[in-house]
Amino acid sequence: MELLSGADMIARFLQDEGVEYIYGYPGGAALHIYDALFRQDKVKHILVRHEQAATHAADGYARASGKPGVVLVTSGPGATNAVTGIATAYMDSIPMVVLCGQVMSHLIGDDAFQETDIVGVTRPIVKHSFSIRHPSEIPEVLKKAFYLASTGRPGPVVVDIPKDMTAPTERYEYVYPKKVKLRSYNPVTRGHTGQIKKAVEMMLKAKRPVFYTGGGVVTGKASEGLTDLVKQLGFPITTTLMGIGSYPQSDRQCLGWLGMHGSYESNMAMHHADLIIAIGARFDDRVTNNTSKFCPTAKIIHVDVDPSSVSKTVRADVPIVGPASSVINEMISLVQGQAITHPEALTDWWQKIDGWRAEREGKLYEPSKPGEVLKPQEVIEALCRVTRGEAYVTTDVGQHQMFAAQYYKFDKPNRLITSGGLGTMGFGFPAAMGIKQNFPEDDVVCVTGEGSFQMMMQELSTCKQYGVGVKIVNLNNASLGMVRQWQDLNYKSRHAHSYMESLPDFHMLIEAYGFTAITVRTLDELEPALERAFANKHELVFLDVKVDPHEHVYPMQVPLGAMRDMLLSKTERT
Amino acid sequence: MRHIISILMENEPGALSRVVGLFSQRNFNIETLNVAPTEDPSLSRLTVTTVGDDRVIEQITKHLNKLIDVVKLVDLTEGNHIERELMLVKVKALGAARDEVKRTVDIFRAQIVDVTPSLYTVQITGDASKLDAFLQAMAPVGILEVARTGVSGIARGDKVLSL
Ligand SMILES: Cc1ncc(C[n+]2csc(CCOP(=O)(O)OP(=O)(O)O)c2C)c(N)n1
Ligand SMILES: [Mg+2]
């Protein structure tokens, strides 16, 4: 039997749980825990420069690896700084465990120094939360936290730890709990067989089917199965922003992604479909546009692990509650050896889709003319070429995010790492940091904008401390481009506070941290600069790419319209 | 439509606030709410009445079920059930009204549980509409204070809500 203090139990538990990195920032209430981390060397702690970055870094790591990210912050301001990152993870169902220091138990409720009711503050943005009430319960509570965070529909779990729970003098028995049970939590392990059969029958009989798949396929590690199923059936597939890469985008059957800035052919196909097979997607408003005009002729099969996602915004005709992977596997075994009923209808359907494709081919944007300012789209296309489509690409939020998602071609899941649900500016850079540390041999690039980058640029210092060789491609349009686009479209180009009056000299800024910066202005400078940036995997390089500030992201769905109602350029609409 | 949802949940600090928080966070409405531990001290039973169409009620029950502290729940209005609410009312009881109040109390099968020279404290149980009717009947006499528990309920017959 081993007696350990609460703080040592936390350090030991993290080791026993196989946690390699934790991201955090110290402070009074967390100091016993920090001391315990100091006295061991298995779990590596990464000192960020702002707690929000700790959550985004852990989140990026979680998305890329599929394992829960771990964060450690102190009470009060430490914990509140983490809130945006917790909300970001919650909206995208990312497994994360956030350990928060708290004031001593006897002070709780007294408005003690650095006291915040963080369990209360985060209640609506966590999967669950715990407060430690006795040091001896630490191993079990932590196990529960990891279990909850990573099973079913994943999500962040907050553990509030009053300082006296980690006091070095109080020791209790420590045993690593291999398993935990919660009587009220039994995530489904498979879908209803009858419903799956019914769904497959509908799929085989469909004339204009479309797969519509989301982040649930990625977090549910079901991409391979999905690819098999879709190939066997020969149906078109569109993914959500979060589902990008769950089916190879370079394959002919993939129509790209759908929704507000999704591809023309995706949105057209959805609108005209007679059957939509939604898997791990949640019919979010950025996808459906006006739900009352959504896919008027389609029957809907909806597969999701979370029953509350099914029929939330759009009613499913065949709801299937179950994990994507097991449901897809059952579907595959039912489809095998079966012929589709209307092969000629599917051929017609493909003809229609190829027609839509051809309509937009080569018309997505006007490339820059020699010597002119660059178009953001061509920067992403060049980035994709130089990294052979294999990099981990994180983004911030804005036009650059949409361009990255539209023009980089992802053939693997977990490669586009973006804040889809919350749309958190500042996410991209720390997320890239978290990924790079865990995948040091891979190319990790953050596509950002000068607005977003300035929200988390203090993390340059963290990268310096740990030698994190991420690449940063700053699509510098000297404005809050996405805001400006909306102002162009809805406010007669009154650019209220969407212009960045006093940008820093990014070159000097980056050099101040001892890193390399390259400024890019024209097309002939672009690829050489990218080649140079990616030449050394372990060096942080910042590309400040000046791009056209007048560019808009298209297609763009017309607000309150149907899926097919889109602006296609500044002058065309459907 | 009005629904009565009964929930068995972990008798843990914070569990109630998760349930209540869910309603405000997702814009669901709570008409009444009551909660107390059950015969198993590790469980509380919470009963909430809410109003919504089928889609909303489906969302409410799904989201409640998703809360880790919620062990089991039932929408009592889906089947035959018994619904009760307890109310304590202080009413003016002066002069001729004193007898009148007593008579009304009897008609409603309520009980006077405390008296002073100027008022009666009445205890009454029943479904919400009975309690409303009693309050209406007492209004002309003068209602001084009302304490209602909110609805509690249980299914009729063999069905039980337990682990
Ligand atoms: C934290 C946060 N604040 C505000 C917004 C609203 N917002 C969305 S995009 C955007 C502009 C982003 O500008 P920039 O990073 O330069 O990207 P660009 O659109 O110019 O490519 C803003 C302000 C947000 N998404 N996140
Ligand atoms: Mg910008």
Enclosure of Lys130(B) NZ (heavy-atom neighbours >12, cutoff 6.0 Å) = yes
Interchain contact, Asp306(A) with chain B, by part (heavy-atom threshold 4.5 Å) = side chain
What residues form a side chain to side chain donor-acceptor pair (under 3.5 Å) with Arg282(A), not counting sequence neighbours?
-> none
Near Glu140(A) CD, under 6.0 Å, is it more than 12 heavy atoms from other residues, nucleotides or ligands?
-> no
Looking only at heavy atoms, which of residues 310-319 of chain A get nearer than 4.5 Å to chain B?
-> Val310(A), Ser311(A), Lys312(A), Arg315(A)
Between the CZ atom in Arg133(A) and the CD atom in Glu12(B), the distance rounded to the nearest 0.5 Å is 5.0 Å
Is Lys67(A) atom NZ crowded by more than 12 heavy atoms from other residues, nucleotides or ligands, each under 6.0 Å away?
-> no
Mind checking the CZ-CD1 spacing from Phe130(A) to Ile68(B)? Nearest 0.5 Å is all I need.
-> 7.5 Å
Choice from Gly152(A), Ser129(A), Ser131(A) maximising heavy atom contacts with chain B below 4.5 Å = Ser129(A)
Which value, rounded to the nearest 0.5 Å, describes the distance between Lys66(B) atom NZ and Lys127(A) atom NZ?
-> 8.5 Å
For the pair Arg123(A) and Gln25(B), evaluate side chain to side chain contact (heavy atoms under 4.5 Å, CB included) and give the outcome as yes or no after the intermediate values.
-> CA-CA 10 Å; Arg123(A) 191 181 303 115; Gln25(B) 175 195 340; over 6 Å; no
Would you sort out whether Arg26(B) and Ser308(A) count as a side-chain hydrogen bond (donor to acceptor under 3.5 Å, both in side chains), showing the intermediate values?
-> CA-CA 12 Å; Arg26(B) 300 218 174 243; Ser308(A) 71; over 6 Å; no
Check the surroundings of atom NZ in Lys90(B): do more than 12 heavy atoms from other residues, nucleotides or ligands lie under 6.0 Å from it?
-> no
Determine whether more than 12 heavy atoms belonging to other residues, nucleotides or ligands lie under 6.0 Å from atom CG of Asp111(A).
-> no
To the nearest 0.5 angstrom, please state how far the NE2 atom of His128(A) sits from the CZ atom of Arg18(B).
-> 4.5 Å
Asp53(B) CG: over 12 foreign heavy atoms closer than 6.0 Å = yes
For the pair Leu182(A) and Glu10(B), evaluate side chain to side chain contact (heavy atoms under 4.5 Å, CB included) and give the outcome as yes or no after the intermediate values.
-> CA-CA 10 Å; Leu182(A) 287 108; Glu10(B) 300 289 353; over 6 Å; no
Take atom CG of Asn186(A) as the centre, draw a 6.0 Å sphere, and report whether it contains more than 12 heavy atoms from other residues, nucleotides or ligands.
-> yes
Rounded distance [0.5 Å steps], CG in Leu67(B) versus OG in Ser184(A) | 9.5 Å
Taking heavy atoms only and a threshold strictly under 4.5 Å, list by residue number the residues of residues 148-162 of chain B that touch chain A; give 'none' if the list is empty.
-> none
Give me the contact list for residues 105-122 of chain B versus chain A, heavy atoms only, anything under 4.5 Å, ordered by residue number.
-> none
Looking at CD of Gln59(B) and OG of Ser309(A), how far apart are the two atoms once the value is rounded to the nearest 0.5 Å?
-> 8.5 Å
Turns out that what part of Leu22(B) lies under 4.5 Å from chain A's heavy atoms comes down to neither
